[in-house]
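Below is one structure, written out as structure tokens, with a few remarks after it.
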Amino acid sequence: MRLTGAQALIKSLEMQGTEVMFGLPGGAILPVYDPIIDSSIRHILVRHEQGAGHMAEGYALATGRPGVAIVTSGPGATNIVTPLANAYMDSTPLVVISGQVATSSIGSDAFQECDITGVTMGITKHNWLVTDPADLPRTVAAAFHVATTGRPGPVLIDVPKDVSQGSMEWYWPESIADLDLPGYNPVTVGDPALIRRAAELLLTAERPVIYAGGGILKAQAYDALLELAERTGIPVVTTLMARGAFPDSHPLCLGMPGMHGNYTAVTAMQRSDLLIALGSRFDDRVTGRVDAFAPEAKVIHVDIDPAELGKVRRPDVGVAGDCRLVIEAMLEALDGLGLGGRGASGSNGNSPAGSAASARPDLAPWWGRIHRWQEDFPYHYEQSDGGAIKPQMVVETLRDLSPVDTVVASGVGQHQMWASQYWRYDYPRTWINSGGAGTMGFSVPAAIGAKVGRPDRTVWAIDGDGCFQMTAQELVTASAEQIPVKVAILNNAYLGMVRQWQEMFYEERYSEVYLSPDLPDYVKWAEAMGCVGLRCESPEEVAPAVEKANAIDDRPVVIDFRTDAFEKVFPMVPAGASNDGIVVHPSQEDRPR
Amino acid sequence: MSITELHVASPEPVRHHILSVLVENKAGVLARVAGLFSRRGFNIFSLTVAPTDDERFSRITMVVDVESAPLEQIVNQLDKLINVVTISQLAPHEAVERELLLATVAVGPAERSQVIELVGVFGAQVVNVGLARLTVMLAGRPEKLDDFERLLEDYELVELQRSGRVALPKLDRPTGAPAGLPA
């Protein structure tokens with residue numbers, strides 16, 4: 001069967017099970033847009049290519065399937081560079097197709113030419129410039145394979161116009177061996193000897209903490225993690241990328257660690273004698289000053305990327321492998337060591353006499369300390385009647401009035417931290433945010449992509465006013481495509497996180513952070529984009545507005561919550577400081593640590 | 001003058017490590033490798049690329065600075081590049097290393113014979129002769145090239161180029177072989 005390159009490309013995407021792609025056409029990608037008319041793939045026409053990329057990310061994070069975006073050459077391609085960088089930092093599987101000028105024009109500074117494979121080399125897991133239509137099916141199959149296996153990540157396929165216009169004899173690669181990837185062999189199964197050593201170490205710890213990262217979600221290891229935690233009675237912290245990987249309402253869950261993590265999660269890691277890092281990467285926002293991080297802890301580190309083992313902190317036992325497979329093997333190893341059933345909170349009642357598990361230290365004293373921290377230093381804010389709306393109160397109201405499996409997408413800044421702190425994430429893939437890159441403007445398009453992937457779910461974008469202004473135009477896309485997302489703008493009229501740093505570390509010298517609550521008029525803007533626009537100016541208006549928004553299911557809704565501009569995110573570990581220097585809410589400062 | 005004596009004065013620092021990297025022979029591979037080193041802050045002392053006997057692959061021989069980052073981290077990050085097929089690590093004492101040096105020296109009548117004498121001592125060659133210049137070549141161990149280069153600096157060096165090193169693992173000595181086999 002003879003196909004054009006464009007037809008082969010779209011057919012290859014269909015063969016990969018692509019149900020939706022986000023994109024915007026232009027000159028060099030024009031030939032590829034023609035067969036889209038006849039394809040089973042839904043195409044969502046965005047208003048800016050950055051929106052296409054973040055939508056594809058939101059789709060991938062909500063579903064676990066790779067997101068697909070398609071853009072033209074030159075500026076179309078450079079506009080999706082930020083989403084590629086974002087997906088690379090957060091290991092999100094993303095396949096981006098970009099148009100390119102004809103191969104004969106490459107290098108001639110042709111109209112809308114850009115060396116996008118060169119530009120994105122450092123922010124993709126891999127990229128390809130296709131120079132022969134016959135390579136397209138193999139390249140697409142290889143791109144999906146690379147994006148979704150091992151440590152997932154974004155890939156880009158650059159398709160020159162003459163390649164999509166050329167013709168080829170259709171084929172589909174039958175196996176991975178046909179993909180021409182001789183250098184790509186990701187590890188999945190961990191070394192059994194190392195896993196056994198990890199299990200033995202786990203049974204000797206008096207103050208262990210499981211440090212669960214985004215890898216738990218990528219590996220679909222949540223059930224294995226739950227069993228490991230319950231069987232061993234070890235507390236679990238879930239990083240910003242792992243919110244929902246372990247249920248917040250579980251008694252073993254200590255919540256989020258890190259710069260704005262809760263006191264208990266941060267301090268339990270600091271005092272720990274064993275960190276069991278599962279799919280986490282010792283990010284600077286988690287460790288604070290690295291040489292003062294968890295100084296007494298031995299480290300078990302499990303990661304599918306061998307380069308993460310020892311990159312920041314040298315592990316005592318480092319296991320390269322898929323988190324789910326390694327945790328399952330660890331559970332088997334624990335069986336062999338006598339810890340078969342549930343050892344609730346470190347009780348060893350069920351362990352056979354003489355086994356390694358029977359000699360295991362009692363975790364009760366450790367839990368005693370943890371419970372005291374939880375009682376003395378919970379997340380805290382004070383909402384006064386008739387005062388300004390506290391942003392945390394908005395998040396709690398949204399949480400309480402929305403379905404338990406609501407998907408939350410956030411931007412980057414104060415609102416992101418409050419959305420992580422005050423929501424209750426009990427299900428995997430319900431929290432979607434830009435963790436590593438910290439991309440402002442992520443929220444609205446990511447929420448749209450998530451809603452496309454999970455149309456059955458309520459999807460709330462919890463956004464800041466600064467972030468909203470960066471990508472709000474995609475609500476036009478949402479209205480046009482009937483994707484009924486909901487957006488809560490925590491409008492404090494400032495670039496709030498920067499304002500907080502200027503208040504705390506720059507002697508209240510506020511440089512270029514004021515945005516105005518009224519400019520733009522968010523309600524009119526929402527209405528102009530085909531959404532319902534609502535505004536809340538006092539605390540008693542919050543719940544009715546949320547209820548009203550939750551009742552609307554035929555179009556997007558935007559609520560402009562006028563929140564207290566002076567509210568700060570606590571706790572906080574100042575940048576570069578040790579986690580021991582965690583700053584708690586002012587009302588908790590006098591409590592003994 | 002003995003070349004061995006010069007070695008004692010400048011022992012090879014242990015911060016050098018040789019990586020022999022088999023890569024796919026595809027466009028942009030060198031840019032990927034170089035880009036990785038620059039964005040991760042790893043230092044390269046030298047780098048050579050050449051085709052292998054299999055046209056699908058090329059070999060990059062690089063001498064890396066293991067003080068800029070642990071060797072294990074460099075290898076693991078390099079291994080993540082999709083076009084990198086295999087990486088062999090060669091500690092300097094486990095490798096046979098060779099490098100090529102070409103130098104053009106401006107010589108008056110007095111210096112000409114001195115340089116030619118130096119060439120003889122090192123087993124180098126005169127490969128081009130001009131009216132007032134000589135181009136000389138030396139292939140050998142990198143330390144030997146260092147020594148040769150240092151002595152050439154006493155003359156007016158017009159241009160000097162080194163190829164960067166290539167290396168292969170040392171072979172096991174055959175049992176019972178006489179001492180003094182070349183290494």
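In what follows, chains carry the letters A, B, and so on, assigned in the order in which the sequence lines appear, proteins first and then strands, with residues in each chain numbered from 1. Note that this is a predicted model, so its numbers are computed, not measured.
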For atom CG of A:Asp109, is the number of surrounding heavy atoms from other residues, nucleotides or ligands below 6.0 Å larger than 12? no
Is it the case that over 12 heavy atoms from other parts of the model lie below 6.0 angstrom from the CD1 atom of A:Ile176? no
What pair of heavy atoms forms the shortest contact from B:Arg39 to A:Met121, and how long is it? NH2-O, 4.4 Å
Sort A:Asp115 into side chain, backbone, both or neither according to what part of it lies under 4.5 angstrom from a heavy atom of chain B. neither
After noting the C-alpha distance and the side-chain angles of B:Glu72 and A:Arg314, does the key distance pass the side-chain contact (heavy atoms from CB on, under 4.5 Å) rule? CA-CA 11 Å; B:Glu72 172 195 62; A:Arg314 182 142 292 280; 3.0 Å; yes
Ignoring hydrogens, what is the shortest heavy-atom contact between A:Ala307 and B:Lys80? Give both atom names and the distance. CB-CD, 3.8 Å
CZ of B:Arg162: more than 12 outside heavy atoms within 6.0 angstrom? yes
To the nearest 0.5 Å, tell me how far B:Ile82 CD1 sits from A:Asp180 CG. 12.0 Å
Atom CH2 in A:Trp128, atom NZ in B:Lys26: separation rounded to 0.5 Å? 9.0 Å
Toward chain B, the part of A:Leu129 with a non-hydrogen atom under 4.5 Å: neither
Can you tell which part of A:Asp305 gets under 4.5 Å to a heavy atom of chain B, answering side chain, backbone, both or neither? side chain
Using a 6.0 Å cut-off, check whether atom CD of B:Glu159 has over 12 heavy atoms from anything other than its own residue. no
Is B:Asn83 close to A:His126 at the side-chain level, that is, under 4.5 Å between some pair of heavy atoms? yes
Between B:Arg56, B:Gln73, B:Arg32, which has the largest tally of heavy atom pairs under 4.5 Å with chain A? B:Arg32
